[in-house]
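Following this message is one structure expressed as structure tokens.
Indexing begins at 1, ligand by ligand and atom by atom, following the structure's order.
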Amino acid sequence: MKPWEEVDVPTLTSGIQIPNIYLTNSRSGSKELLPEKSLYRIYVCGITPYDATHLGHAATYLTFDLIIRLLRARKAEVNYVQNITDIDDPLLERAQRDGVDWRELAHSQISLFTNDMVNLRVIPPTHYVGAVEAIPLVIDSIERLNAQNSVYAIEEDLYFINSSESDFGGLSHLSEAQMQTMFSERGGNPTLTGKVNPLDCLVWMSQREGEPGWPSPFGTGRPGWHIECTAIALEYLKPADDQSELIDIQGGGSDLIFPHHEMCRSQSRVLTGKELASSYVHAGMIGLGGEKMSKSKGNLVLVSTLVSQGVDPMAIRYALMSDHYRRDRMWSDELLRDSQLAVQRLRLALLQERVHETSRVISEIIAALSDDLNTPLVISVVNSWVDLTLEGSSGGDAKVFAKTLDTLLGIKF
Ligand code: ZN
């Protein structure tokens with residue numbers, strides 16, 4: 001699938017250095033140094049295109065956008081892969097409910113999503129891969145799992161045996177009982193008759209009546225979600241033989257830690273004998289009115305709606321950066337209003353002939369970003385600079401400052 005249009009990211013002004021980068025690894029629960037490399041392999045789980053992009057999605061993709069900006073500013077190459085689950089139960093259910101063709105629904109929602117990403121100036125993935133186009137890769141992965149006796153059939157559906165893997169649960173650190181509960185809540189079927197282990201996950205679903213299917217050596221059907229991401233990540237990120245982990249970062253929203261990322265990790269370990277990622281990075285959930293934003297609660301705030309109401313996408317970026325990426329947090333009209341005002345003042349400050357000192361402020365911004373993307377501190381440093389500039393302080397370089405905000409924060413006017 002063609003990624004959305006490239007975002008122009010200027011190179012940092014010479015002399016500005018990016019120090020070591022620390023990120024919280026969900027597997028260890030600690031902030032860890034990201035080793036310095038010339039090439040980073042990053043996989044971020046994409047959307048299932050059946051409903052519009054809400055601010056929770058935007059916050060997740062913005063998080064990885066900031067990481068990629070930092071890495072590129074260090075002159076590292078980033079191979080960034082994102083999938084799009086363009087065939088799955090929720091998509092088929094929604095298409096049936098609305099009486100539309102599932103392909104048309106997916107197409108229209110992908111187009112809304114990519115529009116939002118372009119408006120928010122989110123860097124596109126290097127490879128943007130749909131589940132349908134990845135079916136041959138999925139079939140190959142299932143065959144390789146099967147060759148290791150890690151797959152079995154229940155009727156004509158195929159399941160992956162998580163119990164064949166020694167460290168299952170090593171990412172989420174949940175108890176067996178917690179995993180079973182969450183698995184059940186999040187689309188799994190732990191009590192299905194015929195399962196070897198309640199937590200075994202579906203890798204190939206045989207074609208159901210009235211649903212699409214693709215031919216495979218195991219019969220006509222469609223891929224399971226977890227194996228889709230595993231197969232795409234291992235193919236498009238081309239893991240290096242000489243490294244103990246296959247990729248550098250697997251990322252997504254924190255609701256993907258279990259079961260999705262735990263399953264992908266387990267499948268990758270069985271397929272290759274290696275740990276999937278050096279670092280598992282997860283963004284918190286965005287809520288509204290005290291509850292998590294979700295389709296089922298009907299409390300979604302859509303990026304496209306805000307933009308159509310005339311909200312500057314830069315104010316949305318600013319608002320999402322005003323809290324830490326890992327925190328579950330609330331969206332509010334007040335937050336948006338404050339961010340719109342802050343962005344207007346920043347724009348005005350950047351137009352001043354004389355601006356407050358910038359080199360120390362830029363160092364503070366970079367230090368905060370490198371420390372597990374401490375964007376609340378970044379926003380507070382930028383706001384102070386704006387205050388001082390509008391109070392008449394001088395000694396800085398507005399052009400260098402504007403360029404740095406563009407390069408590292410994706411804020412451009
Ligand atoms: Zn995924």
Margin query: Counting backbone and side-chain atoms alike, is an N, O or S atom of Cys229 positioned under 2.8 Å from the Zn ion (ligand 1)?
Written below: yes

Show every donor-acceptor pair shorter than 3.5 Å between a side-chain atom in residues 400-413 and any protein atom, with sequence neighbours excluded, or say none if there are none.
{"residue": "Lys403", "atom": "NZ", "partner": "Thr11", "partner atom": "O", "Å": "3.4"}
{"residue": "Thr404", "atom": "OG1", "partner": "Val400", "partner atom": "O", "Å": "2.7"}
{"residue": "Asp406", "atom": "OD1", "partner": "Arg121", "partner atom": "NH1", "Å": "3.0"}
{"residue": "Thr407", "atom": "OG1", "partner": "Pro10", "partner atom": "O", "Å": "2.9"}
{"residue": "Thr407", "atom": "OG1", "partner": "Lys403", "partner atom": "O", "Å": "2.9"}

Notebook entry, point to check: Do any N/O/S atoms of His260 come under 2.8 Å of the Zn ion (ligand 1)?
Noted result: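 It does: His260 brings an N, O or S atom closer than 2.8 Å to the Zn ion (ligand 1).
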
Notebook entry, point to check: Just checking, any donor-acceptor pair under 3.5 angstrom between side chains of Arg337 and Ser339?
Noted result: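 No.
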
Margin query: Is a donor from one side chain sitting under 3.5 angstrom from an acceptor on the other, for Tyr159 and Asn189?
Written below: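 Yes, because at least one side-chain N or O of Tyr159 sits under 3.5 Å from a partner of the opposite role on Asn189.
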
Check: Short check: any N/O/S atom of Cys45 below 2.8 Å from the Zn ion (ligand 1)?
Finding: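 Looking at Cys45, which is the residue asked about, there is an N, O or S atom under 2.8 Å from the Zn ion (ligand 1).
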
Note to self: Suppose we screen for side-chain contact (heavy atoms from CB on, under 4.5 Å). Which residues come up paired with Glu165, at least two apart in sequence or across chains?
What the structure shows: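 With neighbours one apart ignored, the set is Asp167, Phe168, Ser266, Arg269, Val270.
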
